[in-house]
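Single-structure report; data block below.
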Amino acid sequence: MSSIPQMAGGPEREDKVSLELTEEILQSMEVGLAFRDYNGRISSLDFHKASSYVVTASDDESIRLYDVSTATCLKTINSKKYGVDLVCFTSHPTTVIYSSKNGWDESLRLLSLNDNKYLRYFKGHHDRVVSLSLCSRKECFISGSLDRTVLLWDQRAEKCQGLLRVQGRPATAYDDQGLVFTIAFGGYIRMFDARMYEKGPFDIFSVGGDMSDANVVKFSNDGRLMLLTTTDGHIHVLDSFRGTLLSTYNVRPVSSNATLLEASFSPDGMFVMSGSGDGSVYAWSVRSGKEVTSWLSTESEPPVIKWAPGSLMFATGSSELSFWIPDLSKLAAYVGGRK
């Protein structure tokens, strides 16, 4: 795999090219590295914010740790007893929190990938956990479940620190500062002050009458924007301060309740990438609201999708794990054509 270009303004290393993400660069992106040895669909993936590590969870009941810089799989851990559905890094690059998929134990687990040891169990949910978000600045995280509760946790304590009841399938997220978290369900996004959440939401935003189940809610890196995906195949982009609905993108709906429609902001917040119910990947410009490019697929379910922090690279997970980078030969032709 060739070196990964860093985004302009991101953490530069001496051997990296610094480029601003443009529509042309996005259109040139293709798979630069793929791991095809999975025996089930990838249900979740996460990039560590301060290292080159990636973690995946898969329906083959495995958790896998990769180092993108060396294009290697460092570790595979099997969770045959509990299964695995959602997985997130903690601040430590070899410690993760993950949710179960066995249908009888809905505990969340803090797992050390170094020695395959459980450091803590977080018990409180009574049905499948469908949303998991870690605060990047603090030791807290939030989980949402089909039991219609959202629980707030401290990684250092087994018991939840707070409980909020909801009227639907919840999607949850922290902003990057950890000052605000959001809970989406039933056509609305509710904004909470993390220090005074028990007072209820300080703002409620509508997503234009889309009452289908919330799948994923996320903030852009600068906190100015947020996105919400729903099972009907809508990706809503909002101003996170005013609640204004800026754009709604449409893809093929998700066919199964077990599958999440995931979308992701580019690191600069200028583009949104999303999977689709037909397995394809789409990209839109936040500024214009228009589709920039798409990559068709023979898959029948949406891939999970995440941008690498500060890099011109994103990853998709389906029946294989793929890392997408710009094809610099296409860019050279583009630059040459403009002279």
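Values in this document were obtained by computation on a predicted structure and should not be read as measured data.
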Review point. Can a salt bridge be assigned to the pair D60 and R64 using a cut-off of 4.0 Å between side-chain N and carboxylate O?
Key: yes
Check your understanding: By side chain to side chain donor-acceptor pair (under 3.5 Å), which residues pair with Q155, not counting sequence neighbours?
Key -> none
Exercise for review: If the plane angle is over 60° it's perpendicular, under 30° parallel, otherwise tilted; pick one for Y98 and Y118.
Suggested key: tilted
Point to revise | Residue pair T230 / L261, side-chain heavy-atom distance below 4.5 Å | key: no
Review point. Between D46 and K306, is there a side-chain N and carboxylate O pair less than 4.0 Å apart?
Key: no
Point to revise | Nearest heavy atoms of A57 and D85, plus distance in Å | key: CB-O, 3.6 Å
Practice item. Indicate yes or no: at least one non-hydrogen side-chain atom of L108 is less than 4.5 angstrom from one of V129. Key: yes
Review point. Honestly curious: do Y188 and V166 fall in one hydrophobic cluster under the side-chain, below-4.5 Å linking rule?
Key: no
Practice item. With the side chain counted from C-beta on, respond yes when V130 and R169 share a heavy-atom pair under 4.5 Å apart, and no when they do not. Key: yes
Check your understanding: Going by the angle between their ring planes, with limits at 30° and 60°, are F314 and W324 parallel, tilted or perpendicular?
Key -> parallel
Practice item. Kindly assign one of parallel, tilted or perpendicular to the pair F192 and F181, based on the angle between their ring planes and the thresholds 30° and 60°. Key: parallel
Practice item. Kindly assign one of parallel, tilted or perpendicular to the pair W284 and Y249, based on the angle between their ring planes and the thresholds 30° and 60°. Key: parallel
Review point. Do L227 and L225 touch side chain to side chain, with heavy atoms closer than 4.5 Å?
Key: no
Review point. What is the minimum heavy-atom distance between S276 and Y282, and which atoms define it?
Key: CB-CE1, 3.7 Å
Check your understanding: Transitively linked via ILVMFWY side-chain contacts under 4.5 Å: L321 with V68?
Key -> yes
Review point. Does NZ or CZ of R190 lie under 6.0 Å from the centre of the six-membered ring of F185, at an angle within 45° of the ring axis?
Key: yes
Review point. In the single-linkage hydrophobic clustering (I, L, V, M, F, W, Y; side-chain heavy atoms under 4.5 Å), do I142 and L146 co-cluster?
Key: no
Practice item. Report whether Y174 and L151 are members of the same hydrophobic cluster (ILVMFWY, side-chain heavy atoms less than 4.5 Å apart, transitive linking). Key: no
Exercise for review: Run the ring-centre check on F122 versus F141 and record whether the distance is less than 6.0 Å.
Suggested key: yes
Revision key, fill the gap. Between S28 and I25, the two heavy atoms sitting closest are OG-O, 2.8 Å
Point to revise | Closest heavy-atom pair and its distance - W307, M273 | key: NE1-CG, 3.0 Å
Revision key, fill the gap. Tightest non-hydrogen contact, residues P303 and V281, listed as CG-CG2, 3.8 Å
Point to revise | Linked, directly or transitively: V207 and I204 (ILVMFWY side chains, under 4.5 Å) | key: no
Review point. About how many Å separate CD of E291 and CD of E23, when rounded to the nearest 0.5 Å?
Key: 11.0 Å
**Study point:** Side-chain ion pair, R128 and D147, N-O less than 4.0 Å
**Key:** no
Check your understanding: Side chain of S100, backbone of S107: donor and acceptor closer than 3.5 Å?
Key -> yes
Practice item. Report yes if some heavy atom in the side chain of H125 is under 4.5 Å from a heavy atom in the side chain of D105; otherwise report no. Key: no
Check your understanding: What distance separates Y82 OH from E61 CD, expressed to the nearest 0.5 Å?
Key -> 13.0 Å
Identify each donor-acceptor pair in which a side-chain atom of residues 234-243 lies under 3.5 Å from a protein atom, sequence neighbours left out, and give them as a table.
| from | atom 1 | to | atom 2 | distance (Å) |
| --- | --- | --- | --- | --- |
| H234 | ND1 | N250 | OD1 | 2.6 |
| H236 | ND1 | T248 | OG1 | 2.9 |
| H236 | NE2 | D210 | OD2 | 2.8 |
| D239 | OD1 | F241 | N | 2.8 |
| D239 | OD1 | R242 | N | 2.9 |
| D239 | OD2 | R242 | NH1 | 3.2 |
| S240 | OG | G223 | O | 2.4 |
| S240 | OG | R224 | O | 2.9 |

Exercise for review: Answer yes or no: is there an ion pair linking E262 with K218, defined by an N-O contact shorter than 4.0 Å?
Suggested key: yes
